[in-house]
Amino acid sequence: VLNFRRARKADIDLLFNWANDPITRQNSYNKNLIKYEDHIQWFNKQLMSANFFCYIFSNEDKAEIGQVKIQRDVDNLTATIGISVDKDHRGNGYATEMIQKTSEDFIQENPEYIILACIFMENKASLKSFLKAGYRNVKESIIENIPSFILHYSKINNAGH
Ligand SMILES: CC(C)(COP(=O)(O)OP(=O)(O)OC[C@H]1O[C@@H](n2cnc3c(N)ncnc32)[C@H](O)[C@@H]1OP(=O)(O)O)[C@@H](O)C(=O)NCCC(=O)NCCS
């Protein structure tokens with residue numbers, strides 16, 4: 001069983017290192033390495049925002065194993081989710097539980113929202129993790145020239161849990 005908590009200021013370097021993980025950048029629409037100064041500015045702004053839900057996970061050994069970010073858009077009642085698992089902890093199926101727990105937590109606080117996940121078609125581990133976590137309604141779309149799936153999660157998905 002994994003534990004999670006909301007991110008805080010002291011997580012700034014942890015999140016920076018995870019964000020610049022090569023596979024994570026490769027699977028992101030923005031492939032450029034993130035500059036530390038830009039990260040600091042972005043993170044400090046996000047932490048002040050009520051629309052930013054960032055969760056840090058740890059495993060039974062108290063090792064920090066990854067993060068989930070959910071960004072709320074108040075104008076259209078959608079939110080977008082992103083995830084990464086620390087490279088040393090991949091292959092354990094952690095992502096499913098992380099997606100499930102954070103999506104539930106977010107939807108409980110924001111029951112009127114739909115969470116969207118945009119996943120590269122070739123990112124099979126991510127697709128599988130989101131489907132197993134209860135994401136539905138796969139749509140195919142080309143996003144920034146990359147063939148992608150768009151998955152949805154809402155209170156309706158959650159009702160059967
Ligand atoms: C995507 C990611 C979060 C998945 O983390 P994880 O929980 O360690 O995923 P796993 O490696 O345990 O794989 C999850 C499932 O996908 C399957 N899978 C993994 N690679 C696969 C592949 N190439 N083809 C088919 N299935 C694959 C696994 O077998 C597992 O299935 P199971 O639950 O039936 O055993 C992790 O790889 C990561 O952090 N990647 C970099 C960042 C990223 O891509 N984020 C998502 C952007 S949308």
Side-chain angles (χ1 to χ4, degrees), residues 1-7 11-36 38-39 42-43 46 51-73 76-107 110 113-154 157-158 160-161:
V1 176
L2 302 176
N3 286 307
F4 71 100
R5 59 173 176 79
R6 292 288 290 270
D11 297 314
I12 197 158
D13 286 350
L14 181 68
L15 286 163
F16 176 69
N17 291 327
W18 280 340
N20 272 339
D21 169 82
I23 309 279
T24 297
R25 290 271 45 87
Q26 198 180 304
N27 287 327
S28 302
Y29 292 98
N30 170 18
K31 305 211 179 297
N32 299 330
L33 275 186
I34 298 158
K35 289 194 194 113
Y36 191 57
D38 295 344
H39 173 74
W42 169 84
F43 187 67
Q46 291 296 63
N51 296 321
F52 181 64
F53 295 71
C54 183
Y55 303 90
I56 308 282
F57 277 81
S58 50
N59 66 9
E60 293 85 348
D61 303 328
K62 308 246 185 300
E64 285 165 330
I65 53 99
Q67 57 81 28
V68 172
K69 297 188 197 90
I70 301 178
Q71 182 82 45
R72 196 174 69 166
D73 183 339
N76 57 20
L77 295 183
T78 59
T80 51
I81 185 169
I83 181 169
S84 68
V85 171
D86 183 288
K87 64 172 176 8
D88 295 336
H89 294 279
R90 288 178 196 152
N92 296 317
Y94 285 151
T96 299
E97 187 177 335
M98 291 166 67
I99 295 162
Q100 222 163 32
K101 285 188 162 163
T102 51
S103 300
E104 255 172 56
D105 183 84
F106 178 84
I107 287 295
N110 304 276
Y113 277 76
I114 292 176
I115 311 175
L116 303 176
C118 300
I119 304 164
F120 293 3
M121 278 188 191
E122 61 185 31
N123 194 350
K124 300 278 190 278
S126 179
L127 178 66
K128 194 159 189 189
S129 304
F130 276 96
L131 289 172
K132 283 176 85 174
Y135 276 65
R136 295 283 177 269
N137 299 332
V138 183
K139 264 197 277 180
E140 294 180 14
S141 179
I142 309 282
I143 301 172
E144 300 190 25
N145 289 322
I146 298 168
S148 306
F149 291 118
I150 305 175
L151 274 61
H152 294 231
Y153 186 98
S154 66
N157 301 53
N158 198 23
H161 282 235

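Counting starts at 1 for both ligands and their atoms, following the listed order. Residue indices begin at 1 and follow the sequence shown.
Ligand 1 has a nitrogen or oxygen under 3.5 angstrom from a nitrogen or oxygen of Asn27. Considering both main-chain and side-chain atoms, Tyr94 comes within under 3.5 Å of ligand 1 through a nitrogen or oxygen pair. Geometrically, ligand 1 and Asn123 share a nitrogen or oxygen pair separated by less than 3.5 Å.
When only non-hydrogen protein atoms are considered, atom 26 (N) of ligand 1 lies nearest to Lys124 CB, 4.0 Å. The protein atom (non-hydrogen) at minimum distance from atom 42 (C) of ligand 1 is Thr24 OG1, 3.5 Å. With hydrogens left out, the protein atom closest to atom 29 (O) of ligand 1 is Lys128 NZ, 4.5 Å, a heavy atom. Among protein heavy atoms, atom 18 (N) of ligand 1 sits closest to Ala125 CA, 3.9 Å. With respect to atom 48 (S) of ligand 1, the closest heavy atom belonging to the protein is Ser126 OG, 3.3 Å. From the protein, the heavy atom lying nearest to atom 12 (O) of ligand 1 is Gly93 N, 2.7 Å. At the shortest separation from atom 8 (O) of ligand 1 among protein heavy atoms lies Gly91 N, 2.9 Å. Distance from atom 37 (O) of ligand 1 to its nearest protein heavy atom, with residue and atom name: Arg90 CD, 3.6 Å.
A distance-only check finds no donor-acceptor pair linking the side chain of Asp38 to the backbone of Ile34 [under 3.5 Å].
The distance from the NZ atom of Lys101 to the CD atom of Glu104 is 9.5 Å, given to the nearest 0.5 Å. The distance from atom OG1 of Thr102 to atom CD1 of Ile107, rounded to the nearest 0.5 Å, is 10.5 Å. For the atom pair NZ (Lys31) and CZ (Arg25), the distance works out to 8.5 Å, reported to the nearest 0.5 Å. A distance of 8.5 Å separates OG in Ser154 from CD1 in Ile115, rounded to the nearest 0.5 Å. In this structure, CZ on Arg90 lies 4.5 Å from OG1 on Thr24, to the nearest 0.5 angstrom. Rounded to the nearest 0.5 angstrom, Ile99 CD1 and Phe130 CZ are separated by 4.0 Å.
Cation-pi geometry between Arg6 and Tyr55 is met: the NZ or CZ atom falls under 6.0 Å from the ring centre, inside 45° of the normal.
There is a protein heavy atom closer than 4.0 angstrom to atom 4 (C) of ligand 1.
At least one heavy atom of Lys132 sits closer than 4.0 Å to an atom of ligand 1. No heavy atom of Ser28 sits closer than 4.0 Å to any atom of ligand 1.
Relative ring orientation between Tyr94 and His89 is described as tilted, the plane-to-plane angle lying within the 30° to 60° band. By the 30° and 60° cut-offs, the orientation of the rings of Tyr36 relative to Phe16 is perpendicular.
Nearest-heavy-atom check against atom 45 (N) of ligand 1 across Ile83, Ile23, Asp21 picks out Ile83.
When every heavy atom of Lys132 is checked against every heavy atom of Gln100, the shortest pair comes out as O-NE2, 3.9 Å.
The distance from ligand 1 to the heavy atoms of Cys118 drops below 4.0 Å at these ligand atoms: 48 (S). The ligand atoms of ligand 1 that sit less than 4.0 angstrom from a heavy atom of Ser129 are 14 (C).
Counting only heavy atoms from C-beta outward, the side chains of Gln46 and Leu15 never approach each other to under 4.5 Å.
Heavy atoms of Asn92 found under 4.0 angstrom from ligand 1 belong exclusively to the backbone. Contact annotation: for Ala95 versus ligand 1, heavy atoms closer than 4.0 Å belong to both the backbone and the side chain. Contacts with ligand 1 closer than 4.0 Å are made by no heavy atom of Ala117, backbone or side chain.
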